[in-house]
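Please read the structure below before turning to the comments.
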Amino acid sequence: MSGLLSVEEARARLLALFSPVGTESVPLAAAGGRVLAEDAVATRPQPPFDASAMDGYAIREEDHRAGNRLAVIGASAAGARFEGAVRPGTAVRIFTGAPVPDGADRVVIQENTTRVEDSVTLDEAAPGGTNIRPAGGDFMPGDRIAAPRRLAPADLALLAAMNIARPVLRRRPVVALIATGDELAMPGETPGPDQILCSNNFGLKAMLEAAGAEARMLPIARDTPESLTAAFDLAAGADLVVTLGGASVGEHDLVRATALGRGLDLSFYKIAMRPGKPLMAGRLGTTPMIGLPGNPVSAMVCGLLFVLPAVRRMLGLPEEAALRFPARLEAALEPNGPRAHYMMSRAEPEPGGWRIEAFGRQDSSLLSVLSRANALLVRPPHDPARASGDRVEFLWI
Ligand SMILES: Nc1nc2c(c(=O)[nH]1)N[C@H]1C(S)=C(S)[C@@H](COP(=O)(O)OP(=O)(O)OC[C@H]3O[C@@H](n4cnc5c(N)ncnc54)[C@H](O)[C@@H]3O)O[C@H]1N2
Ligand code: MOO
């Protein structure tokens, strides 16, 4: 057992199978959540002119005195500037976002003025800012959003403000999902007496799509080489083929043998991890393949730890150092065996950090437990028994 590959070594070998996919230019409205592949560079300043931050009157600083009465000589609105200049003793009515006219270097808010016909009197000379947003105060030509970057909603708004209508993005990597097993029926079907519902590909699809990939759920492959072969054929063109189940050592676990028969260049099989021991990865021709174990929790945990980093690599994103948080253990744990154990757990905040409790039942078939978990408590191989109050580490899921 101790001869099994460590999680870290397996991850390094697996990532070596991947490189970034190509790029495409995409309409901005469809770019949310996608990965910017080339720096986006502003070609204009924002705002493009000195702009008023308030509704009020544009005046000269020298006229900014309580009781001063100024002649209102025009108006500057957002989208329609006042073409003249503000001279001493005059003011221009101005609105939020409007260009500040020449000569003016302050906007007084209308609440601090009294307007009578064509003149305005300043009620008070309010100290503080000028209420003018300088040209280029947000960004200047040449300012950039650096790639690679997963585009958040605020980035979309910024790209729009920069007038970048079609950013260059990483293509969404296509992941073919092949669930395997004679026992599987699809949700919505009426399962036979010996059947269960196929769940793993739904979990993986949601996980992959949240990470920016496109998941193609292929028809369930039955436990025959022919059916698996047909599924591999259908996966042609994908950037990654992920099989679910059939990874173990029973007579019905045909994934490895069938893939080897199609020329799989196996990088590794079996790792020192619980759940997830029968994980495999390699290359089918030019296409990377990951074989996930069939147990539902194993499939999801291996998806988080191995498939998501592969998607990040295909998206050209830097490898994420697995973010481990320290926590105080709530309930004692038995010594760990030779495999790293990723335990379904609940982490909650407490003053100064986190506390964590691993669920009592950790069997890798228990989706109801996984769905209540928000964290995986990580136990290294041969971790000794842990007492309540010990410091442990966890990952958010
Ligand atoms: N003699 C041994 N038996 C097993 C070993 C071992 O080392 N020696 N390892 C165990 C471990 S650990 C795991 S994990 C599983 C992995 O087995 P497979 O990858 O071959 O998975 P299956 O046998 O196909 O299925 C396991 C289990 O999960 C259910 N399943 C499969 N696919 C789905 C799906 N798409 N949706 C929902 N549930 C699914 C399947 O019905 C089985 O109950 O092997 C152990 N055995
Ligand atoms: O590795 Mo299996 O994934 O322990 O259930």
Side-chain angles (χ1 to χ4, degrees), residues 25-33 36 38-147 149-168:
S25 125
V26 168
L28 188 53
L36 190 67
E38 285 178 12
D39 289 3
V41 185
T43 52
R44 67 194 318 258
Q46 172 67 12
F49 41 76
D50 290 349
S52 179
M54 293 294 197
D55 299 317
Y57 293 88
I59 66 166
R60 297 171 75 97
E61 188 61 46
E62 68 210 54
D63 282 331
H64 187 220
R65 292 188 307 277
N68 203 10
R69 187 157 153 242
L70 304 170
V72 180
I73 57 170
S76 182
R81 69 171 58 219
F82 175 74
E83 295 291 354
V86 174
R87 304 198 186 286
T90 69
V92 163
R93 178 78 173 114
I94 196 163
F95 301 95
T96 305
V100 174
D102 289 347
D105 46 11
R106 169 176 288 274
V107 170
V108 290
I109 63 172
Q110 65 193 57
E111 292 90 328
N112 292 345
T113 65
T114 304
R115 174 78 183 260
V116 179
E117 294 176 349
D118 284 345
S119 69
V120 65
T121 302
L122 310 184
D123 300 335
E124 56 184 89
T130 61
N131 294 323
I132 292 173
R133 296 174 174 148
D138 192 4
F139 55 79
M140 294 288 282
D143 282 356
R144 61 189 59 222
I145 305 179
R149 180 183 177 84
R150 187 114 197 257
L151 293 172
D155 298 325
L156 274 272
L158 178 54
L159 286 165
M162 291 167 128
N163 197 14
I164 295 172
R166 296 185 69 94
V168 179

Going by heavy atoms in the side chains, are [X] and [Y] under 4.5 Å from each other?
X    : Y    : result
S25  : P167 : no
L122 : I59  : yes
P141 : T43  : no
L28  : I164 : no

Least distance between heavy atoms, [X] atom then [Y] atom:
X    : Y    : answer
I94  : P99  : CD1-O, 3.5 Å
P47  : G137 : CD-N, 3.9 Å
I73  : A85  : CD1-O, 3.5 Å
A91  : V120 : CB-CG1, 4.0 Å
L159 : A40  : CD2-CB, 3.4 Å
F139 : A161 : CZ-O, 3.5 Å

Gap between atom [atom2] of [Y] and atom [atom1] of [X] - 0.5 Å precision:
X    : Y    : atom1 : atom2 : answer
Q110 : F95  : CD    : CZ    : 7.5 Å
N163 : R44  : CG    : CZ    : 6.5 Å
T113 : Y57  : OG1   : OH    : 5.0 Å
D55  : T96  : CG    : OG1   : 3.5 Å
I145 : L158 : CD1   : CG    : 4.0 Å

(message) Other residues, nucleotides and ligands only: do more than 12 of their heavy atoms fall within 6.0 Å of CZ on R150?
(response) yes

(request) Would you mind listing every side-chain hydrogen bond (donor to acceptor under 3.5 Å, both in side chains) that reaches into residues 126-144, with sequence neighbours excluded? (result) D39-R144

(message) Tell me which one of I109, I132, V107 satisfies side chain to side chain contact (heavy atoms under 4.5 Å, CB included) with S52.
(response) V107

Quick check against the 3.5 Å criterion: does [X] have a side-chain atom that pairs as donor or acceptor with the backbone of [Y]?
X    : Y    : answer
D50  : P134 : no
S76  : V100 : no
R166 : V168 : no

(message) According to salt bridge (charged side-chain N to carboxylate O under 4.0 Å, His left out), does anything in residues 60-84 pair up with another residue at least two apart or in another chain? List the pairs.
(response) R60-E62, E61-R106

